[in-house]
Novice: 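First the structure, which I've put down as structure tokens, then a few questions once you've had a look.
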Amino acid sequence: MRHFDTHAHIGLIFDDPIEQLLVCQQAKQTGVAKIVSICNSLMDFYQVYENLKTADHVLFAAGVSPSEVANPGRDWRAKLDDALKYPRVVAVGEIGLDYFHRYGNKDSQIELFIDQLDTAARRDLPVIIHNREAGKDVLDVLRDRLPPAGGVLHCYSENAEYARRALDLNLYFSFAGNLTYRNARNLHETVRELPLDRILVESEAPFMVPSKYRGKRNKPEYLPATVEDLAMLLELPVEEVAEATYQNACRFFRVPA
């Protein structure tokens, strides 16, 4: 089986460049054939990109997350445009809205979100979307500004009704290790409502470790445990679900399978 980890914060697992490369190599040995490395800031993107550019199974996203809204960095728009020209950069992200942590204010978060959605549209790239307690505003913005290449609601945490409304847009739904938690009934209900061709999986490492590895620092190599639980919820063979989510991710990020 092969797997596609669509969202991993490699730079937050380890600071050391050699350790970062080792994490990606260990994931490959467990069947994780592709990984999207994601960062919250452009400064972090440039550093992690330099560390991992020799790992040819690692892809990259570049963007400014809502956590950085108060200080996105000097000339951040120009730096984002530059980053999106780098080899193997396949998406703008993660971007979005986070009202749980109260970063900046809502208006400033929405402005940052829209700015980067428009950049993605100009560059014909998909977007990786962060949503925490901001579901209504996220969908309202996406209805007007989702780029033609579409987007993914990463680490999906809303309910099935929200997913039904989001299905009207060119959106995918990515599930992390929290899908494996026994009390995550909203996620269990949601995956059963979604068409398989709109589902992706992610590690969200070093966060959201699958229940099988509870107590450990999450790594991309643990992604197969999430796929196993997803297959169980869908009542499908795990091999079928692994290949479907892999192909879905290749299609979304427009990379060869």
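Being a predicted model, the structure only gives us computed values, none of them experimental.
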Novice: Please check: side-chain N/O of E221 versus main-chain N/O of Q29, any donor-acceptor pairing under 3.5 Å?
Specialist: no

Novice: Test your reading of the model: is there a side-chain donor-acceptor pair from H7 to the backbone of S37, 3.5 Å cut-off?
Specialist: no

Novice: Connecting only ILVMFWY residues whose side-chain heavy atoms lie within less than 4.5 Å of each other, what is the rest of M208's hydrophobic cluster?
Specialist: L12, F207

Novice: Is the number of heavy atoms from other residues, nucleotides or ligands under 6.0 Å of E111 CD greater than 12?
Specialist: no

Novice: Measure the shortest side-chain to side-chain distance between L112 and W76 over non-hydrogen atoms and say whether it is less than 4.5 angstrom.
Specialist: yes

Novice: Side chain to side chain contact (heavy atoms under 4.5 Å, CB included) for R77 and T119? Distances and angles first, verdict last.
Specialist: CA-CA 9 Å; R77 291 179 181 84; T119 295; over 6 Å; no

Novice: I need the full list of salt bridge (Lys or Arg N to Asp or Glu O under 4.0 Å) pairs touching residues 240-257, with sequence neighbours left out, sorted by first then second residue.
Specialist: R2-E243, D124-R254

Novice: Is a side-chain donor or acceptor of H3 paired with a backbone partner of V201 at a separation under 3.5 angstrom?
Specialist: no

Novice: For E193, enumerate each residue passing the salt bridge (Lys or Arg N to Asp or Glu O under 4.0 Å) test, keeping only those at least two apart in sequence or located in another chain.
Specialist: R164

Novice: Are the side chains of I110 and L97 in touch, meaning some heavy atoms are under 4.5 Å apart?
Specialist: yes

Novice: Can you list the steps and then say if R214 with S211 is a side-chain hydrogen bond (donor to acceptor under 3.5 Å, both in side chains)?
Specialist: CA-CA 5 Å; R214 184 75 59 92; S211 57; 5.4 Å; no

Novice: Parallel, tilted or perpendicular, judged at 30° and 60°: which one describes the rings of F45 and F60?
Specialist: perpendicular

Novice: Excluding sequence neighbours, so at least two apart, what forms side chain to side chain contact (heavy atoms under 4.5 Å, CB included) with M232?
Specialist: D229

Novice: Under 4.5 Å between side-chain heavy atoms, counting indirect links through other Ile/Leu/Val/Met/Phe/Trp/Tyr residues: same cluster for V36 and V58 or not?
Specialist: no

Novice: Are a donor atom and an acceptor atom from the side chains of Y162 and N186 found within less than 3.5 Å of each other?
Specialist: no

Novice: Do I95 and Y172 belong to the same hydrophobic cluster, where Ile, Leu, Val, Met, Phe, Trp and Tyr are linked whenever their side-chain heavy atoms lie under 4.5 Å apart, directly or via other members?
Specialist: no

Novice: Within the supplied structure, the quantity of interest is the number of heavy atoms (other residues, nucleotides, ligands) at a distance under 6.0 Å from D144 CG; does it exceed 12?
Specialist: yes

Novice: Taking all heavy atoms of N248 and all of I199, pick out the closest pair and write down the distance.
Specialist: ND2-O, 2.9 Å

Novice: What are the two closest non-hydrogen atoms of G151 and I129, and how far apart are they?
Specialist: CA-CD1, 4.3 Å

Novice: Donor-acceptor pair, Q116 side chain versus V64 backbone, under 3.5 Å?
Specialist: yes

Novice: Identify the heavy atoms of I13 and P220 that sit nearest to each other, and give their distance.
Specialist: CD1-CD, 3.9 Å

Novice: Less than 6.0 Å separating the ring centroids of Y86 and Y49?
Specialist: yes

Novice: List the steps and the verdict of side chain to side chain contact (heavy atoms under 4.5 Å, CB included) for V227 and V238.
Specialist: CA-CA 7 Å; V227 177; V238 65; 4.1 Å; yes

Novice: Backbone N or O of N159 within a donor-acceptor pair of the Y156 side chain at under 3.5 Å?
Specialist: yes

Novice: Does one hydrophobic cluster hold both V241 and Y222, with members joined at side-chain heavy-atom distances below 4.5 Å?
Specialist: no

Novice: Answer yes or no: is there a donor N or O on one side and an acceptor on the other, between the side chain of H154 and the main chain of N131, under 3.5 Å?
Specialist: no

Novice: Yes or no on salt bridge (charged side-chain N to carboxylate O under 4.0 Å, His left out) for D82 and K85, after CA distance, side-chain angles and deciding distance?
Specialist: CA-CA 6 Å; D82 174 64; K85 298 172 187 173; 5.5 Å; no

Novice: Please walk me through it: do L223 and F4 pass side chain to side chain contact (heavy atoms under 4.5 Å, CB included)?
Specialist: CA-CA 9 Å; L223 182 70; F4 197 135; 6.0 Å; no

Novice: Establish whether L236 and L187 are linked, either directly or via other cluster members, by ILVMFWY side-chain heavy-atom contacts under 4.5 Å.
Specialist: yes

Novice: Do any pairs count as a salt bridge (Lys or Arg N to Asp or Glu O under 4.0 Å) and have a residue in residues 51-75, sequence neighbours left out, and if so which ones?
Specialist: E50-K53

Novice: Is there a path of hydrophobic side-chain contacts, each under 4.5 Å between heavy atoms of I, L, V, M, F, W or Y residues, that connects L200 with L196?
Specialist: no

Novice: Under 3.5 Å, is there a donor-acceptor pair between the side chain of N170 and the main chain of P148?
Specialist: yes

Novice: Tell me, with the steps shown, if S65 and H130 meet side chain to side chain contact (heavy atoms under 4.5 Å, CB included).
Specialist: CA-CA 8 Å; S65 83; H130 175 100; 6.0 Å; no

Novice: Are side-chain N/O atoms of D5 and S203 paired as donor and acceptor at under 3.5 Å?
Specialist: yes

Novice: Does the Lys NZ or Arg CZ of K34 fall within the cation-pi geometry relative to Y246 - under 6.0 Å from the ring centre and within 45° of the axis?
Specialist: no

Novice: Between D168 and R165, is the closest basic N to carboxylate O distance under 4.0 Å?
Specialist: no

Novice: Mind checking ring pair (Phe, Tyr, Trp, His ring centres under 6.0 Å) for F14 and listing every partner two or more places apart, or none if nothing turns up?
Specialist: none

